[in-house]
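A short worksheet on the structure shown next.
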Amino acid sequence: MGIENKRREILLSKEKIDERIEALGKTLTEDYKDKNLLVISLLKGSFIFTADLVRKIDLPVRIEFMTTSSYGHSEESTGQLKIVQDITADDLSEFDVLIVDDITDSALTMTGVMAILSKRNPKSLKACVLLDKPSRRKVSYVPDYVGFEIPDMFIVGYGLNYGDYYRNIDHVFAFVD
Ligand code: PRP
């Protein structure tokens, strides 16, 4: 059966996501209050999470976007991180950089991006992800801020895609048999 015809099971409702993002925003507002925050959002998956999160951070904040790609149109990571579009700055020494992504799975994307950005000398470099699937790691990595730890299931919505669709759904759901 094609995935589109499968039953949808809601994993995280819009209300649950909103509530968690509000709390993350409060924590980040406190942690970055004396810093010079630069959010770097990893497209495309994180565009919705980033938009919601930065509006809950009550501080001056700069936002840059970097487009990364590891999955293509399949459910499994290719294991090859591609920087489709980089940020323009090659010197980050003024900034406390917070990378924002929708999900960390194998962690190849996050560790790859961290390696690239750390060469640009940020004052500090941390990451905030909405979803974390620690059971899927190919490299050891723990994100600094996590919205929800989730089990190993294929999920879509709220920025996450299947075949580049479903990113606009306002909650996270799984296709089940
Ligand atoms: C997804 C997701 C993360 C990455 C996580 O992006 O948005 O950036 O995979 O997987 P990893 O921890 O195994 O590296 P993808 O490359 O599919 O592109 P997208 O953001 O355009 O959906």
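Ligands are counted one by one from 1 in listed order, and the atoms in each one are counted from 1 as well. All residue numbers refer to positions in the sequence shown, counting from 1.
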Exercise. Between Gly45 and ligand 1, does any nitrogen or oxygen pair lie at a separation below 3.5 Å?
Worked result: yes
For this session: Out of Asp101, Leu131, Ile99, Thr104, indicate the one that has the non-hydrogen atom closest to atom 3 (C) of ligand 1.
Result: Asp101
Problem set entry | Residues which pass side-chain contact (heavy atoms from CB on, under 4.5 Å) with Arg55, listed by chain and number, not counting sequence neighbours | Ala51, Asp52
Exercise. Below 3.5 angstrom, do we get any N/O pair linking Lys44 and ligand 1?
Worked result: yes
Problem set entry | Close approach of Arg167 to ligand 1, heavy atoms, under 4.0 angstrom | yes
For this session: Would you confirm whether the ring centroid of Tyr166 sits within less than 6.0 angstrom of the ring centroid of Phe175?
Result: yes
Exercise. Are Asp132 and Arg137 within salt-bridge range, i.e. N to O under 4.0 Å?
Worked result: yes
For this session: May I ask whether Leu130 and Tyr162 are part of the same hydrophobic cluster, defined by side-chain heavy atoms of I, L, V, M, F, W, Y residues being less than 4.5 angstrom apart, directly or through others?
Result: no
For this session: From atom 4 (C) of ligand 1, work out which of Thr109, Asp105, Val84, Leu42 has a heavy atom at the shortest distance.
Result: Thr109
Name the atoms and distances for all side-chain donor-acceptor pairs under 3.5 Å in residues 144-155, with sequence neighbours left out.
| unit_1 | atom_1 | unit_2 | atom_2 | d |
| --- | --- | --- | --- | --- |
| Asp144 | OD2 | Ala127 | N | 2.9 |
| Tyr145 | OH | Asp31 | OD2 | 2.6 |

Problem set entry | Residue-ligand contact Leu43/ligand 1, heavy atom below 4.0 Å | yes
For this session: Flag the pair Asp105 and Arg136 as a salt bridge only when some basic side-chain nitrogen lies within less than 4.0 angstrom of an acidic carboxylate oxygen.
Result: yes
Seminar exercise, completed: One finds that the ligand 1 atoms under 4.0 Å from a non-hydrogen atom of Asn161 are 22 (O)
Exercise. For Ala107, is at least one N or O under 3.5 Å away from an N or O on ligand 1?
Worked result: yes
Problem set entry | Lys6 and Asp177 ion-paired at < 4.0 Å | yes
Exercise. With a 4.0 Å heavy-atom cut-off (strictly under), which part of Ser70 contacts ligand 1: side chain, backbone, both or neither?
Worked result: both
Seminar exercise, completed: For Ser69, the atoms of ligand 1 under 4.0 Å from one of its heavy atoms are 16 (O)
Exercise. Counting each atom of ligand 1 from 1 as listed, which ones have a heavy atom of Asp102 under 4.0 Å away?
Worked result: 2 (C), 3 (C), 7 (O)
For this session: Give a yes or no on whether the backbone of Gly159 and the side-chain of Arg167 come within a donor-acceptor separation of less than 3.5 Å.
Result: yes
